[in-house]
Protein chains: 2
Amino acid sequence: MTEGTARLRQPSMADVARTAGVSAQTVSRALRGSPNVNPETRRRVLAAVEQVGYRFNSAARALSSGRSHTIGLVLLASGGYYSRSAVTAGVEAAAGEAGYAVSIATIAALDTGLMERSLSKLADQGVDGFVIAVPLISVTRKMEDITRDIPTVTLDGSRTAGARVLGIDQQEAGRVATQHLLDLGHRQVWHISGPDEWIEARQRRQGWQECLAAAGIEAPPPLEGDWSPDSGKRQGQIIAMIPEVTAVFAASDEMAFGVIRALHERGRSVPDDVSIVSVDDIALAAYCSPPLTTVRQDFYRYGQAAVALLLQGDEADVDESVATASLSVRASTAPPRSR
Amino acid sequence: MTEGTARLRQPSMADVARTAGVSAQTVSRALRGSPNVNPETRRRVLAAVEQVGYRFNSAARALSSGRSHTIGLVLLASGGYYSRSAVTAGVEAAAGEAGYAVSIATIAALDTGLMERSLSKLADQGVDGFVIAVPLISVTRKMEDITRDIPTVTLDGSRTAGARVLGIDQQEAGRVATQHLLDLGHRQVWHISGPDEWIEARQRRQGWQECLAAAGIEAPPPLEGDWSPDSGKRQGQIIAMIPEVTAVFAASDEMAFGVIRALHERGRSVPDDVSIVSVDDIALAAYCSPPLTTVRQDFYRYGQAAVALLLQGDEADVDESVATASLSVRASTAPPRSR
DNA sequence: GTTACGCATGGCATCGATAACATAGGCTCC
DNA sequence: GGAGCCTATGTTATCGATGCCATGCGTAAC
C-alpha cells in the first residue's frame, strides 16, 4: 500500500542488500540456501526480498554461474501425440520440482539436419541437459560434439556419445504382445510395424519375429505403417482381404485404431474374427471399440525418470518398473474362432 | 582438422572479433543483421565465426538486452492430451521460426495458486511473452501484475489485463453441434459438459441451451464430466438408461469416446439408437467406431496464431478461419430411428 | 597464550553481449 | 570549400548474480 515510487527497473540483489543492510553477496548466499548464513540475517534478507518485491534474474545467474537451470526437450512432431504430451508433462513435473525450466524443440520429421539444428538451438540457449524423445537414426559428428558436452538421456533405445538410454525393452514388448496371441491359440500373427527408421519399430518387429521363430512359425511379411491411425487403416484394409488372418500385432495403439476401423468397415469383427494387440496404452486405448489389449508404456514416468537421471547422475534410483513391459489385457484379443 | 589447441572455454564474440580483425561490437552487429555493416566485413565475421566455432550465449544476450527471446507456454496437465500436444507444436513452430525459444509450465489442476506459481516461474525466467492455454477462472491481483508487464495471449476465451484472446467462439460451437442434431430430426438433445470451472465448458453449454431454446425445446439437465474419457463413460452409462435419449452433444471428443463405449456396453447402437456430436476433432476422432461427427478446432493453428499475435502485435494477420467453428460430419450422427 | 580453524560476511573481478556514445572518412549541397 | 550528414566502425559502461579471496571474530586445541 505504500506504493508511489515510480519503479523503472526491477529491483536487483543490490536493492535487497541495501534494504536488509547486508552485502549483495550475502543476499545471494541467503537465497541459495548456503549453510554459512546466520539465521537472523537470512530472515532479514527474506523480509527485504518481500518488501522490495525482488525477483531473481535468471539470465544474470546463468551468465555468471555458467548454468542455465534449463533442460532441453527434443520431440518429434509426427510421433504420436499422446506420448509426446505425456513425456512432456513428466519432464516438466520433475524438472520443475528441481527448480529447472524446460525448453522444447520439435522437429518436423526424422531428418538428421533438422535434428542437428534443434540440438544446436537448445545448446545455444545454454541448456544444462537434453532429454531426447526422438530416435537418433544416425548420430553425426556434430550431434556427438554437442551431446558430449551436455548430459543427455534418450528415450528411444538409440545411443550416442555418453547418452543414457531409458525405456522399456522394445524387443521384449514385441515378444510379449506376440506371445499373448499365441497363448490364446492363434497359429499365426501378422505385424504392422512402425517406420523402419525408428529403432523402436525395428526392435518390436524383431521381438515379434523371434517369438514366432521360437514357436516354429514362419513370420508373414510385415506391413509397414507410419504410426498414424490412417496408415493403420490402410494396412488394415489389406489385412481384411486376407481371410486367414486371425491375429495382428500393431506397433502402436494409434495404428491399431486404424486397423480396427478398416476391419469394421469390411465387416470383420474384432476380436471374433481378428484379434489385435498393440503397444503404448494411450489414454484412449481403453475406450476403443473394443477396448485395446496393449503393452503398457508409462511415458509420464519416462519423462520423470529421464530428468532424474540427468540431474542426479547415475545413482538416480530409477524405478525398475519403468523398464518392464507389462500387458494390459482388454477386449481386442480372444481365442481364434474355432472352425 | 587443425585441432590441437585445448579449448577450455566456449569461444566468445571477442574471440571472433580478434580472428576477424574487428571489434566485438561489429561482430554483434554483423550477426544480428544490422544494416550498417560493410558486406565484406560481414563476410569476414561469418568466416571467423565458422573458424573458431562460435556459438552465441543467450544468457549474456538476455542480460544485456533485457529480452530473453523466450516465450512461456502454460498448459494444463489434465486438459486433453491432443490439444496440449498440438498447441505446443504450433507455438514451438512459430516461435522457432522467429528465433524464439519456448519454455513450458504445466499446472496439475485448475487452481489459482498453481497458476500464479507457474506464471511467476516463467516470469522469473524472463520470458518475453505468455501463451496461456488454460482457462483463467479468477484472475488474481498477482496474475494481473505479471500479465500487465508481459504480453499475453490466452487460448481459452478468458481475459485478463491486456491479454488478447484467441480461438473459436465456443458458444457458436455448441450451437453448431446442437443444431446439426436438430436438423437431423432429433426432438431433444442431451449434453455432457466439461467441468464448470472451464469457460469453454460454460460457453459450449450456453450455445447448446440457446439453440434448444430457439427451437422451443426445454433443455434437459446437463450432465457434467471432466473432459476425460472415463467421465464420459460414467455419464454415458446414465444416458444408456434413459430410453428416450436419441441425441447427445458431448463437450469433447475424448468424453465422446467414453460415452460411445458405455452405450455399446449397454447394447445401444451409435448412431442408430443414439447420435453423438462432440467438439475438438482430435486425430483419433475419425477412427472411433463409429467415426465421430465433431466441431473442428485447429489447435496447431491456435498455437501459431498466438505466437504471431505476441510477436507482431495487433497488426498480425491472424487467419480468420482460426476463429470459425466448422463441423466435421462423420458417422456418429444420423436421423433418429423412426418409430 | 598463541595457533589454528570454522563461521559469517564483505569487496572486487568476472561472465558475454549490447546500448550509448564517439570517431573517422566520404559525400552532398549551397 | 566548409557545414552538415550518413556510413562503418571502435570504446566504454552496463546488465545482475556469482566465484574467489580477504577479513574479522569467536572458540577449541596444544
Side-chain angles (χ1 to χ4, degrees), chain A residues 7-46 48-49 52-70 99 101 123-128 149, chain B residues 7-46 48-49 52-70 99-101 123-128:
Chain A
R7 222 184 279 141
L8 296 168
R9 180 179 59 86
Q10 288 281 88
S12 75
M13 273 197 179
D15 301 313
V16 175
R18 205 169 310 118
T19 307
V22 296
S23 75
Q25 185 54 228
T26 301
V27 174
S28 170
R29 276 189 282 250
L31 292 183
R32 276 180 305 155
S34 156
N36 297 343
V37 173
N38 188 308
E40 161 59 16
T41 306
R42 189 189 310 272
R43 212 190 40 68
R44 281 221 316 284
V45 168
L46 294 180
V49 163
V52 306
Y54 168 75
R55 346 206 36 171
F56 92 152
N57 181 319
S58 56
R61 146 137 77 180
L63 179 60
S64 82
S65 73
R67 316 205 305 115
S68 66
H69 284 252
T70 297
D124 285 351
Q125 285 168 40
V127 298
D128 293 332
D149 291 344
Chain B
R7 221 184 279 140
L8 296 167
R9 182 178 57 85
Q10 287 282 85
S12 76
M13 273 196 178
D15 301 313
V16 175
R18 205 168 312 118
T19 307
V22 296
S23 76
Q25 184 55 228
T26 301
V27 174
S28 170
R29 276 190 281 248
L31 292 182
R32 276 180 305 154
S34 156
N36 295 345
V37 174
N38 187 308
E40 162 59 15
T41 306
R42 188 189 309 270
R43 214 189 41 67
R44 281 220 316 283
V45 168
L46 293 179
V49 162
V52 305
Y54 168 75
R55 347 206 36 168
F56 93 157
N57 181 318
S58 56
R61 142 127 94 169
L63 178 60
S64 80
S65 73
R67 315 204 306 115
S68 65
H69 284 251
T70 297
Y100 275 70
D124 284 351
Q125 286 168 39
V127 299
D128 293 333

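Computed over heavy atoms, backbone and side chain alike; hydrogens, waters and symmetry mates excluded. Here is the naming used below: chain letters follow the sequence lines, and residue numbers restart at 1 for every chain.
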Atom pair distance, as rounded to whole Å: CZ in R67(A) and P in dT18(D): 11 Å
Pairwise side-chain contact, N57(A) with D124(B), heavy-atom cut-off 4.5 Å (strictly under): no
Expected output: side-chain R42(B) to main-chain A30(B) donor-acceptor under 3.5 Å: yes
Heavy-atom donor-acceptor pair, T19(A) side chain to A48(A) backbone, under 3.5 Å: no
Sequence-distant partners of R61(A), side-chain contact (heavy atoms from CB on, under 4.5 Å), two or more places apart: R32(A), F56(A), S65(A), H69(A)
Contact pattern, 5' to 3', of nucleotides 7-16 of chain C - B, S or - by protein heavy atom under 4.0 Å: -SBBB---BB
The helix from dG1(C)-dC30(D) to dC30(C)-dG1(D): angle between end helix axes, five pairs per end, rounded to 10 degrees: 30°
Under 3.5 Å: donor-acceptor pair, side chain of R55(B), backbone of G126(A): no
Side-chain heavy atoms of L31(B) within contact of L46(B), under 4.5 Å: yes
Sidechain-backbone polar pair: R44(B) side chain, A20(B) backbone, donor-acceptor under 3.5 Å: yes
Whether T70(B) side chain and A101(B) backbone form a donor-acceptor pair below 3.5 Å: no
